[in-house]
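Working notes for the structure below.
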Protein chains: 2
Amino acid sequence: MAGALKKDRATGSANAITADLVAVLVAVTEGEPKIMTIANDGALPSGPFEFAHRSLQTGLRAWVEAQTGHPLGYVEQLYTFADRGRAGDAKSPHSISISYLGLTREDKVGQGFEAHWSGWYEYFPWEDQRAGLPASLAKTLASRLRAWAKSAENTGLQRQRWQRAAITFGLDDREWNEELVLQRYELLYEAGLIPEAVRDGAAATTVIPGKPMTGDHRRILATGIARLRAKIKYRPVVFELMPAEFTLLQLQRSVEALAGRLLHKQNFRRLIEQQQLVEETGAIAADTVGRPAKLFRFRHGVLAERAIAGTKLPLSRT
Amino acid sequence: MAGALKKDRATGSANAITADLVAVLVAVTEGEPKIMTIANDGALPSGPFEFAHRSLQTGLRAWVEAQTGHPLGYVEQLYTFADRGRAGDAKSPHSISISYLGLTREDKVGQGFEAHWSGWYEYFPWEDQRAGLPASLAKTLASRLRAWAKSAENTGLQRQRWQRAAITFGLDDREWNEELVLQRYELLYEAGLIPEAVRDGAAATTVIPGKPMTGDHRRILATGIARLRAKIKYRPVVFELMPAEFTLLQLQRSVEALAGRLLHKQNFRRLIEQQQLVEETGAIAADTVGRPAKLFRFRHGVLAERAIAGTKLPLSRT
DNA sequence: GCCATTTATACTCTCCATGAGTATATCCTG
DNA sequence: CAGGATATACTCATGGAGAGTATAAATGGC
């Protein structure tokens, strides 16, 4: 039956490649999103998929524990990358990167590892819009993007470039869309405005703030942030990042930290409560300014009760 | 800087593996969703990722064109699988499958290829709920699932199994959720109710209707259907599957075919029009019964104009 | 002890998208 | 010309989301 397949298949190891497993491991501490980094904050935890690994996830867990001492909890696959020329050195062997998103808490850090928690906005300063953009960054960013658009050959292409920049970065009175993390990074890469682009051969220009990473790790990080920002809207994944008990404001601050935007307090609470995602513990927060808040815990039951998925189709009842 | 990485990296080809590229290529013809199959309808188009391929997508396009004569248009990555024991023979080399979803139209089929368009509901009969479930299937399915739940060791596990079945299959007066394609397939696999499970070593039981596929191809297909069903709700991807001109009813029938559910006609039209996704061509459909309908075309402009992404967060304006 | 400050919590009000259904128009066929 | 079939235009009720006001309960400074 699969004859047609078999004869096309790899014979021996002519098409053998290596696969790297890469983890975007996220935590939120005191209202700041953090990611686990190694190699002097220049890389994400990663390692090759080996024959000994029973599955991709198993391999990933092994590497992350070995490099960071941190056990992996919630994990989901992100994307598989393989473009050459993005890997740092073009002569690298045929290698692909299979990336994962992991959610956890910052506690229980292992000792004796060269892993650190780094703020993710160090790598993507423009993604933090909670206090608006730092005035300096906002100005340089927009002018650099305009210069890039202008540098296109013809006016058609120029307009096209600017439209793309305006949409992804919310310029020209457009709305900021926090989910377009990857699109923004890709655009900056194409425009040669980040160190990785220069490293990979782009014309050397003045570069925009934001720490670079090895290989395509910052691109993978962008993918992870984008996925997480999209997912918190329709799945209760924030709770993987919260302590067992928390106040509603702490919950809100965490979501705001991830989304990079401020939320409307009253409406946020209404949303959480009507979805019955949390229940009161009975206890009350201590050591606070202002009126003390009730403590809540996540209702794990909801995960089993509902198969949460919003339909946006105008279904018919007949 | 990346020293810590390098010393962990694969040395030589000790960790060399092979990667298969697999395509779920979808078209909709006369209100029926089709997928491109090869090997006597038992496999999806696929082939190994080779050193000559410049990127994963390039490799995929090469294989699909070679095997089906059909050029690939819209493509997006689905998932990367690697579990052993799912591949058919457990002794297979360490191999992973990188899967893609492609959208196209059924026309322009190449000659001299052993590829076919197969209805996707042949592989997933229970996913077509447009006319309700075929009475026979509905009855057997529910009773088999109940038997599987009952076969658990203790009552706790039994209840847990039944709850899972009820949620994924919309039993016990629960709502049917068309997006849970993969969850349903995985459950049937675990329950040993499909041929692939028996092939991989499950206890031989009477099996449920639905054609099997090589390796984990049916699982990949389930992933593709699920992704497409989710995506048509928030991205205008249906148009990749439509001819240049179409009536609103044809469009509705296509969405219904993909979703496996019937839609409310008037509300569907309101939705399409208010989103300004289409514009009239001025022409009118010929060869129809009933009042002839206006023909529409997709407004490609919307893709550039809007960065479509629905926020579900209670944003603050300050 | 009073007051400014800070946070928590409870409501209100408006607008609009969505679900559901009714009414009318326009074609074809016998 | 009736009847069947489809297209298209409205109506109406409901509920969720955006935005804002009002009140409660703590702290610290004076």
Side-chain angles (χ1 to χ4, degrees), chain A residues 30-31 175-178 232-234 245-256 259 261-296 306 308-318, chain B residues 30-31 175-178 232-234 245-256 259 261-296 306 308-318:
Chain A
E30 320 216 336
E175 283 257 317
W176 173 261
N177 184 337
E178 71 279 355
I232 45 174
K233 291 171 187 167
Y234 61 95
E245 302 193 348
F246 48 83
T247 69
L248 291 182
L249 186 59
Q250 284 166 356
L251 183 64
Q252 181 183 344
R253 293 285 176 246
S254 292
V255 176
E256 289 175 335
R261 313 189 66 171
L262 296 179
L263 305 184
H264 188 280
K265 189 172 182 171
Q266 296 90 330
N267 291 344
F268 176 77
R269 302 167 90 99
R270 180 174 62 187
L271 203 71
I272 297 296
E273 281 165 9
Q274 88 184 8
Q275 292 193 110
Q276 301 186 295
L277 293 175
V278 298
E279 63 191 2
E280 298 183 15
T281 66
I284 287 201
D287 287 336
T288 61
V289 275
R291 173 175 169 179
K294 292 177 193 162
L295 285 174
F296 291 82
R306 307 197 311 237
I308 320 142
T311 171
K312 274 289 180 185
L313 292 177
L315 294 178
S316 155
R317 294 294 161 201
T318 54
Chain B
E30 321 217 334
E175 283 257 316
W176 173 261
N177 184 338
E178 71 279 356
I232 45 174
K233 292 171 185 166
Y234 61 96
E245 303 193 347
F246 48 83
T247 70
L248 291 182
L249 186 59
Q250 284 167 355
L251 183 63
Q252 181 182 344
R253 293 285 176 246
S254 292
V255 175
E256 289 176 334
R261 312 188 68 172
L262 296 180
L263 305 183
H264 187 280
K265 188 172 181 172
Q266 296 88 330
N267 291 344
F268 176 78
R269 302 167 92 97
R270 180 173 61 187
L271 204 71
I272 298 296
E273 281 165 9
Q274 88 185 8
Q275 295 194 105
Q276 300 186 294
L277 293 174
V278 299
E279 63 191 2
E280 299 183 14
T281 66
I284 287 200
D287 287 336
T288 62
V289 274
R291 173 175 167 178
K294 292 179 193 162
L295 285 174
F296 291 82
R306 306 197 311 237
I308 320 141
T311 172
K312 275 288 180 187
L313 291 177
L315 293 178
S316 155
R317 294 294 160 203
T318 54

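Every chain is numbered from 1, with letters handed out A, B, ... down the list of sequences.
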**Message:** Could you tell me how far apart B:Phe268 (CZ) and C:dA17 (P) are, to the nearest whole angstrom?
**Reply:** 18 Å
**Request:** For B:Leu313 and D:dG16, give me the distance from atom CG to atom C1', rounded to whole Å.
**Result:** 15 Å
**Prompt:** How far apart are the closest heavy atoms of B:Gln252 and B:His264, and which atoms are they?
**Reply:** NE2-C, 4.4 Å
**Fill in**
Rounded to the nearest 0.5 Å, the CG atom of A:Leu249 sits from the CD atom of A:Glu256 at a distance of 7.5 Å
**Request:** Could you tell me the separation between the CG atom of B:Leu251 and the C1' atom of D:dT6, rounded to a whole number of Å?
**Result:** 16 Å
**Asked** For the side chain of B:Arg261 and the backbone of B:Trp176, is there at least one donor-acceptor N/O pair under 3.5 Å apart?
**Response** yes
**Asked** Say you draw a straight line from CG of B:Leu262 to CZ of B:Arg253; how long is it, rounded to the nearest 0.5 Å?
**Response** 7.0 Å
**Rounded (10°) bend between the five-pair end axes of the helix from C:dG1-D:dC30 to C:dG30-D:dC1** = 10°
**Complete:** When rounded to whole Å, the CZ to P distance for the pair B:Phe246 and D:dA7 reads 14 Å
**Fill in**
For A:Arg270, the side chain to side chain contact (heavy atoms under 4.5 Å, CB included) test, sequence neighbours excluded, returns A:Asn267, A:Gln274
All N/O pairs under 3.5 Å across the protein-nucleotides 7-11 of chain C interface:
unit_1 : atom_1 : unit_2   : atom_2 : d
C:dA8  : OP2    : A:Lys265 : NZ     : 2.8
C:dA8  : N3     : A:Arg291 : NH1    : 3.3
C:dT9  : OP1    : A:Lys294 : N      : 3.3
C:dT9  : OP2    : A:Arg269 : NH2    : 2.4

**Asked** Given the rule in the side chain to side chain contact (heavy atoms under 4.5 Å, CB included) test, do B:Leu295 and B:Ile284 qualify, once you have shown the distances and angles that lead to the verdict?
**Response** CA-CA 5 Å; B:Leu295 285 174; B:Ile284 287 200; 5.9 Å; no
**Asked** Can you name the closest pair of heavy atoms from A:Pro292 and A:Ala285 and give their distance?
**Response** CB-O, 3.6 Å
**Request:** Send over the distance from B:Ile284 CD1 to D:dA7 C1', rounded to a whole Å.
**Result:** 10 Å
**Request:** Mind calculating the distance between CD1 (B:Ile272) and P (C:dA17) to the nearest angstrom?
**Result:** 15 Å
**Complete:** side-chain contact (heavy atoms from CB on, under 4.5 Å) with B:Phe296: of B:Glu279, B:Gln250, B:Glu280, only one passes, and it is B:Glu280
**Asked** What's the spacing between B:Leu251 CG and B:Ile272 CD1 if we round to 0.5 Å?
**Response** 5.0 Å
**Interatomic distance where CZ belongs to B:Arg270 and P belongs to D:dT11 [whole Å]** = 13 Å
**Prompt:** Rounded to the Å, how far apart are A:His264 NE2 and D:dA17 P?
**Reply:** 13 Å
